[in-house]
Amino acid sequence: MGINKDQVKGRIEEAKGKVKEVVGKAVGNKELEVKGNIQKNVGAVQASVGDAKEDIAKMLKAP
């Protein structure tokens, strides 16, 4: 089985959030840093949901 859309979208959001967080910290923009941190964590949760779906699909296909 491959990667599902939740895994892909979650990891993309996680990466975008990390970039925002680092840029916010670098330029001293606390609001951007916090928004990036939130986006990163939301992405991580979405990716985890995708991972769980993948695990369930594998278990259902197992003989």
Side-chain angles (χ1 to χ4, degrees):
M1 193 137 234
I3 296 174
N4 63 45
K5 67 179 181 175
D6 286 318
Q7 289 170 311
V8 173
K9 287 181 180 180
R11 290 200 171 79
I12 289 170
E13 287 304 308
E14 194 174 356
K16 287 176 8 184
K18 182 64 178 173
V19 169
K20 285 182 185 177
E21 182 181 20
V22 169
V23 169
K25 190 171 189 172
V27 299
N29 184 334
K30 191 69 174 168
E31 183 179 346
L32 182 61
E33 184 180 350
V34 169
K35 284 182 179 181
N37 186 282
I38 292 168
Q39 184 176 9
K40 178 183 74 174
N41 290 323
V42 168
V45 169
Q46 186 175 9
S48 293
V49 168
D51 292 342
K53 285 181 180 179
E54 188 73 22
D55 291 343
I56 291 169
K58 285 179 183 176
M59 287 186 336
L60 294 175
K61 286 191 173 192

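When reading the values below, keep in mind they use all heavy atoms of this one structure, side chains included, and skip hydrogens, waters and symmetry mates. Counting from 1, the numbers follow the sequence of the chain as shown.
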### Query
Does the distance from a Lys or Arg side-chain N to an Asp or Glu carboxylate O, for E14 and K18, drop under 4.0 Å?
no

### Query
salt bridge (Lys or Arg N to Asp or Glu O under 4.0 Å) with E13: which residues, sequence neighbours excluded?
K16

### Message
So, using side-chain contact (heavy atoms from CB on, under 4.5 Å) as the criterion, who are the partners of K53 when residues are at least two apart?
### Response
N4, D6, V49

### Message
So does E33 get a backbone contact from the side chain of N37, meaning a donor-acceptor N/O pair under 3.5 Å?
### Response
no

## Note on the structure
Rounded to the nearest 0.5 angstrom, the NZ-CD distance for K35 and E21 is 14.5 Å

### Query
Which residues pass the salt bridge (Lys or Arg N to Asp or Glu O under 4.0 Å) test with K20, sequence neighbours left out?
none

## Note on the structure
Sorted by chain and residue number, the salt bridge (Lys or Arg N to Asp or Glu O under 4.0 Å) partners of K9 (sequence neighbours excluded) come out as none

### Task
Under the salt bridge (Lys or Arg N to Asp or Glu O under 4.0 Å) rule, collect the residues that match up with D55, sequence neighbours excluded.
none

### Non-neighbouring partners of V23 that pass side-chain contact (heavy atoms from CB on, under 4.5 Å), sequence neighbours left out
V19, L32

### Nearest-0.5 Å distance, CD of residue Q46 to CG of residue D51
11.0 Å

